[in-house]
Each structure stands twice: as structure tokens, then as C-alpha cells.
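A short write-up of the structure that comes next.
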Amino acid sequence: MFYIHCPYCGELREEEEFHPKGQAHIARPADPASCSDEEWGDYLFFRDNPRGIHHELWVHAVGCRKFFNITRHTVTYEILETYKMGEQPRFTAEYPEGRPSRDRVEPAPLREGVRA
Amino acid sequence: MSQLNRLARGGRIDRSRKLSFTFNGKRYQGHAGDTLASALLANGVDIVNRSFKYSRPRGIVAAGAEEPNAVVQLGKTEAGQVPNVRATQQALFDGLEACSTNGWPNVQRDMMSLVGKLGGKFMPPGFYYKTFMAPASMWMTYEKVIRKSAGLGRSPMENDPDIYDHLHQHCDVLVVGAGPAGLAAALAAARSGARVILVDEQEQMGGSLLDTRELLDDKPADQWVAEALQELAGLDNVTLLPRTTANGYHDHHFVTLHERRTEHLAETAPLKDGRRQVRSRMHRVRAGRVVLATGAHERPLVYGNNDVPGNLLAGAVSTYVRRYGVVPGKRLVLSTSNDHAYRAALDWLENGCEVVAIADARANPDGELVEQARAQGIRIITGSAVIEAKGESRVSGARVAKVDLDGFRVAGAVETLDCDTIASSGGYSPVIHLASHTGGRPTWRDDILGFVPTLVKGVSAAGGAQGVYATGEVLTDGVAAGRQAAAEAGFEAASVSLPQVAARRDGAACALYQVPHEKPTLRAPKQFVDLQNDVTAAGIEVATREGFESIEHVKRYTAMGFGTDQGKLGNINGMAIAARLLGRSIPEVGTTVFRPNYTPVTFGAIVGRHCRELFDPERYTAMHQWHVEHGAEFEDVGQWKRPWYFPRQVDGKTESMFDAVARECRAVREAVGILDASTLGKIDIQGPDAREFLGRVYTNKWAKLAPGRVRYGLMCKDDGMVFDDGTTSCLGENHFLMTTTTGGAAGVLEWLELWHQTEWPELDVYFTSVTDHWATMTVTGPEARKLMSEVTDIDLDKEAFKFMDWREGSVAGVPARVFRISFTGELAYEINVQANYALHVWETLFAHGEKYGLTPYGTETMHVLRAEKGFIIAGQDTDGSVTPEDLGMHWAVGYDKPFSWIGQRALTRPDTARTDRKQLVGLKPRNAKVVLEEGAQIVFDPKHAIPMPMVGHVTSSYYSPTLDSGFALAVVKGGQQKMGETVYLPMADGQVHEAEIVSPIFLDPKGERQNV
Amino acid sequence: MSNVATFDTRTEAKIPVESPLTYSYRRSGAPAPTGKSRVVLRERPFLGHLILRGGAIVLDEAVREVLGVSLPGEPQGLVQDADGERSVQWLSPDEWLVIVPGGEEFELENRLRAALGDAHFAISNASGGQTLVELEGEAARELLMKSVIYDVHPSHFPVGKGVTTVFAKTTVILRRPAEDRWELVVRRSFADYTYRWLLDAGEEYGIGVER
């Protein structure tokens, strides 16, 4: 039973309040009509299943009803961070200890609240 | 009955309070403070069970949770039956009744012992897999016999009269175990101000301090325990939970505690202040930090016939003598690999019984306790061990010999000592079960000859749990762990001054697990490793010979560490034996995984209050009371209770469902009916981009829907498959009311939020659920307008208030929104009022409706009526693999909308665009009396060899009183191009039904009846 | 904003009304509080409940102007007016629950809409869809520990806090407006389940129901 820090409520809450919604950062192609069948199939059906650091989309269903992302280790189940929509993770497979501060991504990229 | 093994004084029992109890039908007496096990030993009861596989007589071995044999069935009444209770953990109460779990017909004379005597030749390891698997059809028969003869306890056959519950706890520091380490840790953490929970599975807190020979500050150790507990009990930030087992350690320091609140008082929880009280409670604890002070379990030695009653753990002997005032025998032989176990002999001797000898496997034992034993004149046979116990139903002697540990052989003559009790100790295993639950693989330490836990962040181990055994060091270790936990939780660590404990010089222990016998293991008398699962050293040897090299495979092949035992006594010995046989070291072989639960938990505690009427929420509409009073039968739709149909009482008999539904259907088609439709999901949508948003999530167009108008919409996932439908009304230019299916309400709202929050946050729109705010009643049928005209001020003229319009006004004096939408195909008005007024409106409609034949109808009639019209129910006629085109709902798809709405792109994927997909059609059975089974598979050729190609299935099927025929909706491959063709439905009973593929719209295809 | 259809679902006419717990009282009864009741339950029916959606900065000014209290901007915040009759609770970064005496809600909605003008916001009336249940008494906290997964210890749940969380197998909005009083905002359709749960779990505290 996870204990999840909701970045909108600003505190740790019990897993029962949340729903998992699959892999994070799966953005809908901006122009679906121009996607090949294969590209559209990739978007619809193909997901990663890493052993180690994984980014997941969750929603605080019984709570603030906001969607956000979790960086979770799939072996230890440790949650390394949670972050709002539109933000980028600090912990990644490439930087399991966290990005060095010098190239840490700015938390407000392209537009607010997007998945990618 | 005399308690022949009870000492005249000593122990923590109250001799002035006598308690009677019954074991296997015989009455005995014990004292307050006894466990069932100590009372049985006091009464000289040797055999408490028959073993699982070989049916050998078994006695009490341990004094705590690790007891493998004394697993009993508790309960005087049928309803009070509790299986798998460890007698060592069950406090004695007056009137307690228990019996052995195994043994048929009884433990003294057991049918299966004959099989056991034959040496278990028929039951080699893996015997389940080898013996009972073929033929597979016989397994059910085998299983019954095995269960009856082996026995694993039984569940009560009557309702449990007791109540159980859960308590959600949160704390900064959870301390598991209230022995010296746990008490010290709790004191340190509590004094810092942290919220502390201290939990201990025993009747009394104190752990080893309750029976130690050592003095704390020159006083008996239990005095310090009492003082510590008094301090803790007086602190607001501390919760003490005795009789509570930490059974499972789950993710992120979520720990489940099982508190037995009244099990020590009576079989059924007695009333308290005239009120029922909770028998068992599950504490669901979210802890900031956890200190595992779970202590260590002593390992028995593995020697021949080590399972005969009278073979005990050395530490258990001390506990029974010192804590319960029971000496479970007269003449003791102790077999040990370490100093600590010597106290069993000293305790035994001090209470006037005879210590025949101590067989010490070490060549030159020289610790303080050894010296004390020597000084008392006890015979110590060094370099030796008990290699075999004599006796069948009770130990009658011990065969002792010199052993060569490195060569694994008996190295000298065998001496047989006359005795009735053999205590053994092969060292101590830290109790690492809870740490294992968190996924950490333990680490072997040669210096303590045991595994210590590997700990995840935020948890620490103290004392015996990490191989620290000397009492003084344990206390210090506990304080350090408590201080650290409190500091990590953000509190300023407090100081704790600890009592002085005289340091004791202990000699080094030697590594001894299985004791060699003169005969090779496979021919020696059985040397038990796991007593509960009847796993022997020979069994492990067979397993390794048969090629099982991984300890996990050995475990599964032999059943070692299975079940409720979870390898408490046997696992390390088993691994050591496997390691020796495989020529590897113990760390190389590794351990198996201990799983939750640590000890069995009753279903009552797991279920808590979530049972009977509170098993699942029942959602009611505002008219529920009326439905109940009018005899409705209810159907579960999601968590809602919806009226299914309203049977009438006719001549004192209750109308059948068939008759009731037919009557309700006719009422709607010929007069007027009313349905409680409050359960439909309702979402209030506001914002300048609301219309754009609807266009993206629905398949059809919303750009031009004017205020006052309503439209039906289909929703797809992005794979193009329909997942919900409903009507949405335009309330204002920037304001819509969406309805969803009853079951889909929460899911659709979350779906809208998902797209808004993650893909289109630039759209200015808000979604708010108003499902419960509105009560909805559907008035439908040819007479609906007449009835409505009597109760509303809304202009009902067919031109002023058209089909698919909505209007607001007053109904029965209550502000209402009325929607002209129809799910029956008849003229219909859906009245929405604030739920608090709903019953009044509903009853007013009936007051006016009688003359029009107003008839309440339920979901079954609703289903029939809508199916006659070919209206789908998302989730019944669709299953996540059906597109709008498959449903023949091309009219509800806006292919030329500017934005690529959810699902559009997928509709042109090759698989989605196939013309031979399963498509929605109507089915008309050739025999009008037949109502096809929902779910029945459809074939084109009933003469095709089996397996026949299945081409679809029935999704909805009813009898239609209007058509006077059975009819169905179904999905059939390429069905839309097969109108008029015949399909077949082969049934399980051999019948084959024939049906014609027809349009799914059976009634009024032009929709004239609803548009009047 | 004329593009939104406002509608007063309440009437001043003498129409019989039924609160969400009316059916429950008939079905399960309502044990009267006694001197031994360590917890007392009380429904506060027919209050005005509005859901406010929008940006905090935009809404704050209007709420202060119309209601005289400031919008709780911090998560889990709950503010009340001076006499405790009107409250505003943070539900999410763009969602607040306003509870006012029954009958005030429609006028309040209109005044807020007027004050907010063309800003992007939404107001939905939820008055018929939920009810307020109060728990008072020394055992109230332990009763809540049996029922909700959220930590209700005073160090974690001070006065002036409110959360949406899991209650048994449903959900609840739980608030602590005063030292010795808890409020549960319960959805109408789940009210009976919630009531039966509280009576059952409260039995050991001699729970009484004030009507």
C-alpha cells in the first residue's frame, strides 16, 4: 500500500485515494490524421515495462481529482518523486540519482499542464 | 485433576485463580496467567496433535509464536470455532475448549499412524505431486481424504456472533516487540515527543525479561519492565498494544497489526458496559519509522526422533519453569551448541528436578553458565550431542554420542541416558520475517550463525532481531534505535538511562544443525526439520538428489516452511542441511522468502466491519422508501439499488417477474409508466470552451446545439471503441448538462478531467458532478402529456416543447427541469428536481396518475422497451471492442469535425475498418416462444465439426409482450450485410436454436411514437 | 454571465422535504443520546452547498466581497465567517466548497456571478446532493479512526482543516471547524451507508443521534 505525496495537496496520502492511469508522458499526437497506422498503434497500445525507474500517471481520485506523475522504482517500489503535469522528472533511468543541478530541467516547459 | 507438573511457587501466574478447561474432551485445571500450552504441560498432557503427513504423536516444543505442533482447534460452540490457534499463544480462560487439529479418530490412537509407521515409504517428498496427480479427475476425491486424515483445522459452519473492526493508525515510530530492545526503543522515541506505537504479540509485554535469570540494577528484570510500561502508559503520545501481532509489513511502512482484544477472556466477546465489544481488531498502521525488535527464535537440533513428545527447545523449558511455574518432566537431558541454553538446565535443577546430563557439541565449553552448571554438579558430556530420542508417545531416553562436526559422523560409542525430557538448542535465528516482507534478502553472519535482516530505508532492527543477544547490549541497542528513529522523524532525541546488567562471559557457539547419526540420514530414524509440515533431513536429501538445487525449489518440493508455520523453527536448519548436501555455504544457498502473515489472522479481523449489511455501500435514490413500500424487487447497478420490477399482489399471491414485466411494458406502450432514473450520472459543464470540449470527447457534432435543445452522444476511447453514451443538454451558450450511464458516472467524469488536465488545459471549461443533487423521474407513454399537464406550468404543446427539447418550470410546485428525451420510444418527459423534494413530486404524480393508469416500472421493463427500439446499453451491448460503426450508428459520427476527436483516427485502422467485424443486429428466434440466452454463442453452420467457428454472441435478449415474441440484440460477424439470413445457437443441453438476422429496431423504426 | 443558465432549485412554497438521512432514521432508527454517549451524531440538513471552480486569485476577491471571508488558498484550508454559519473549504487548486444557511445559496451564486463578471469560473449548486453530518464528543476521533484512512490526530488535523478522503468503502469530505466538533459532508446516495456505518462503529461509544 503506497504512501503518495500529492503535489497539489502538498502532503502524503494513502494509496486508496489514488487511481493509477498507466505510463506517464504519453502525449497524444498533435495531428492524428497524419499519423501512420503504425504510429497510431504505438500511441494506443505500446508501453514500457522497465525493471527500475518508471514514470507513471496517477490521479488523486478521492481528493483533489488532479492528475500528476510519479517516478517509481519497479523493484523496490520506492517513489522517488511526484510532479505536476507539465513538469519533467528529476529522476530518470539516465539519472537514477537525480539530474545534476546544472542541467536540471526548468519546471515550466512548453505549456502548462501537458503530458509530454 | 491435579497439575502434576506445577511448581508450588514461582512464575507469573495467579495460583489463587483456578480456571477449568477442556482439551480433547477431557477436563483440566490451570491458573490465570497460563497459556493453554503451559496449562497442558502442567497437567502432564504429552500428546497435543498428530503430525500432518506421518501422523506421529506430537507434543509442545516451544513457548511462543514459533510453536509448530500445538496448533489447536478452539471453540465450544459451532459458531465459536477457530482453527489453527497456537496453544502457546492462547491465554487460558475459564471454560476454554480446544481439541487437536489433526488426528482421526483421535490423537491417542490414530488411523494414519499405521501409514506413518510403515516409514512413510508411500509418502516421499513431493508425494502430492507424484501420487495424487493422476488421473486428474480423481484429485477432488484424493483431496477430501487427504484433508480428513491430515486435517488443517476447520472453519465454523455457523455465523460468527462476534464483531470485528479496523482502526487506521498513524505514528512517527512503530516499535514491534516489547522485549528489552523494544521497550528501550519505545522509551527513547516516546520521550522525544514522537507518536509511538509499541506492539507485542504476547499477553504481557517484556519478552525475554519476563523469564531471564539476569538482574537489572540488582532487581528482578520484570520490575524494570513494570516501571518502563508504567511510564509509557502515562504518555499521551504512546499507544501500547499487547496481544497484538505485527503480521504483515507492506509498502512504505504500512504495517498490519492483529489485536486480539477478548480472546483471552472468553470464546465469544463478553459484553462491556452492556454493549458488544470488538473481539479482534486490525490496526492498519502507516508509520514514519519502524523499529523491529522482534527478538530471535531458538533453533532446535535435528536428531533422530526429535519429534517425540518431551523434546523441547531449551529456551521454552526456561520459559515454562520461570514464567509459568511448570516443569514439564522429571529427568532432563540438554543437547546444545551454545552457552545460553545452559540456563534451561540451571532452571530445571533449581526447581528440584534432575538434570541427567548436558551434551555439549563443543570440545571445551568454558563460559560462565557452563561453570555454574559444573559447580552445581551437572554432568557435561563435551564434544557430544543427542543423536536420537527414545520413546514413542513420550521421550524415555536419549542416545548420546561424540560427534565429528566437520566429518559429519558419529565419532564414538553411543551412551543411552534414561530421561523423559530432551531440551535442545542449536543457536538463535533473528526473527527477520517482517523485514523479509519488505523485499530485503537477509545476510548470513558467521559470527552469530544466523541471518540478519536487510533493511529498507526508514526501518531499523534492534536487539535479537539483528543478532545482539546479551541483555545489556540489547537495551543499549534498543535505545539507539529508538533515538535514531525519533530523530529521523524530526524529533529531538531524548536520553534514556539504562539499568545496569552484569556482563556475562559467554563462550563461542559452534555450528550444529543436523546431528549425525550412526546410520546414514536416509536410513536413520526420522530427523525432523519442519515439524509442522513433516519435513525431514532425509526428505531434503532426497530433494537434492533428485536435482533440486535452488532452496526455493527444495522448499516447494518438500513443503518446508509452508503454511501457517512460515519456517520459524525449521528454515535455517533446512537451508544448512541443503547447503551441506550441495557442498555450498549457507549464504550461497540463501534463504527462502518469508511471507505475510507472520501468524494466522482470523477472517473476522481481515474483514472488520465490512460484512453483512455493511459489506458494500448501497446507494439509494431519494424515492427509495417509496420503492420499498411498494414491494419493488431490487437490482444492483454499480452500487445502486434500482427497482428491478414491481410485482403486485394478486389474490394473495405475488405476481411473477414475467407477468410483472409484461404488465409494466404494456402500461408504457398503452398508457403511462414512471421510472426512477436518478442514478444516471450527471455532470455540470461550464465554460466558454465547453462546446469545443464536447466536440472532442463525443463522436458527433455539438457546434450548433442551441440552448433548450438536447442531443444523444457516443463516447469512444482513442482506440475507437465505444465506452459510454448519454444525452447532453445545452443549458446556456457556455453551459451543458451531460448524462452518463449509471455505472459509468465516476469513470466519465475522470475521463473528462484526464483530457482536460493532461492534453487540453488551454480549454476554459469546468466539470462538476451533480448526480446526487438532482432526482430524475421518467414519465413515459401515450398518456404522459395528459398527466404532465395536470402537474406543471410548462407549455407542453408539441410545437412549443418538441422531442429533444428541455424546459424549466414547476412540477408539483417544485422548480424542475424537464427533458423530452426517450429511452422507451414513447412520448417521454424526464423530470429533474432537487432531490430533497423528489418524494413529494413522485407522490404527486401518482395522485394524479391513477386515472391514466400510471404504473411504476423497473430496470427490467426499461431494458425490454429500449431493446425493442434497438437502443444500446453501453457495457451490455458493447464490451470495449465495438465501434460506433459496428453498432450501425453512423448517424452519430461526425467525420468532418475540424478537431480529430477521441476515437476518430482509430476508425480507419485496418482492423477497425474491416467490414466483417462483429456488428450489432437484431435476432428473431424462429420459434417465437424462445428467449435466447444472453451470452449464447452464434454459428453460421450448426453441422460444422466441433470446434465450430463462433461468429458472435447474444448481448441482450427478452420476451416482448408487444411483439408477443422473444427477441434479441446480438453481435454477428458482418451481420449488417446478412439481414434475413439464419444463424444458429447451439446450447449446452444439446438444443440448437435458430434465429433470423433482422434490424435491431423491432418497433416503430421511424420513431413516430416518441415524436408526438 | 448570461451564457450560463442559473436556476433556483429551491422553493419557498410549503413543500414537504426529505433530507438524505430521513429514510435512514425510519429504517435504522436514531438512538437518543444519553449521559453515557461518548459521541453524538447530528445531521444539519437543507444547507446551501455550492461548488466554486476557478483560479484562486480571481475567486478570492469576489468571495471576500460577497461573503466577507477570504478564500482559503492553501491546500486543506477551511475558513468560516464570524458566527460559523458560512464556510469556504479548499477542495483542489481550482475548486472550493461553500456551505451557507439553506436558502442563501441562489442569491449568493448570483452575487458571485455578478462580482466575477467575465472571468473564467464555474459555480454549481450541490445542495440537494449532499448533507452535513456533525460528530461531537470525546470518542469522535476514535470513531473517525475506524472509518477514515486519513490521520485525524490533532497534530495532523488541527481546527481549520478539511480533506476529501476515503470513508469505509465510500468517500467523504471531512472537516474540523472546532476543537470538539467534526463535520462530514456526505453524498446523498451514500448517506444511508455512512449513517449505518457510524451507528455500527459508534456502538461501543454509546453513540446517540440528535434530531
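Atom set for the values below is all heavy atoms of this structure, side chains included, hydrogens, waters and symmetry mates excluded. Letters A, B, ... mirror the listed sequences (proteins, then strands); counts begin at 1.
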**Request:** Determine, stepwise, if the pair Gln625(B) / Arg26(C) fulfils side-chain hydrogen bond (donor to acceptor under 3.5 Å, both in side chains).
**Result:** CA-CA 9 Å; Gln625(B) 167 101 21; Arg26(C) 288 190 204 125; 2.9 Å; yes
**Request:** Dump the intermediate steps for side-chain hydrogen bond (donor to acceptor under 3.5 Å, both in side chains) on Arg10(C) and Asn836(B), then the final yes or no.
**Result:** CA-CA 9 Å; Arg10(C) 212 168 175 280; Asn836(B) 292 335; over 6 Å; no
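Formation of a donor-acceptor pair under 3.5 Å by the Lys169(C) side chain with backbone atoms of Phe615(B) is found in this model. Remark: side-chain polar atoms of His773(B) are paired, donor with acceptor, to backbone N or O of Gly128(C) under 3.5 angstrom.
Using a 4.0 Å cut-off between charged side-chain N and carboxylate O, Glu613(B) and Arg196(C) make no salt bridge.
Ranked by heavy-atom pairs under 4.5 Å with chain C, the list Asp273(B), Val833(B), Val765(B), Thr679(B) is led by Val765(B). Counting heavy-atom pairs closer than 4.5 Å to chain C, the top residue among Ala816(B), Ala812(B), Ala838(B), Ala622(B) is Ala816(B). Of all the listed residues (Glu618(B), Gln639(B), Glu843(B), Gln169(B)), the one sharing the greatest number of non-hydrogen pairs under 4.5 Å with chain C is Glu618(B). Of all the listed residues (Thr621(B), Asp616(B), Ile163(B)), the one sharing the greatest number of non-hydrogen pairs under 4.5 Å with chain C is Asp616(B).
Of the candidates Arg281(B), Lys272(B), Arg275(B), Arg281(B) is the only one forming a salt bridge (charged side-chain N to carboxylate O under 4.0 Å, His left out) with Glu204(C).
Environment of CD in Glu85(C): crowded, with over 12 heavy atoms of neighbouring residues, nucleotides or ligands closer than 6.0 Å. When the shell of 6.0 Å around CG of Leu271(B) is examined, it contains more than 12 heavy atoms from other residues, nucleotides or ligands.
Taking the six-membered ring for Trp and the full ring otherwise, the centers of Tyr766(B) and His120(C) sit less than 6.0 Å from each other.
Asp151(C) has its side chain within reach of Arg195(B): a pair of non-hydrogen atoms, C-beta onward, lies under 4.5 Å apart. Between Arg187(C) and Arg619(B) the shortest side-chain heavy-atom distance falls below 4.5 Å.
Nearest heavy atoms, Trp197(C) versus Arg609(B): CH2-CB, 3.6 Å. The heavy-atom pair separating Thr11(C) from Tyr837(B) by the smallest distance is N-OH, 3.1 Å. Closest of all the heavy-atom pairs between Ile149(C) and His170(B) is O-NE2, 2.9 Å.
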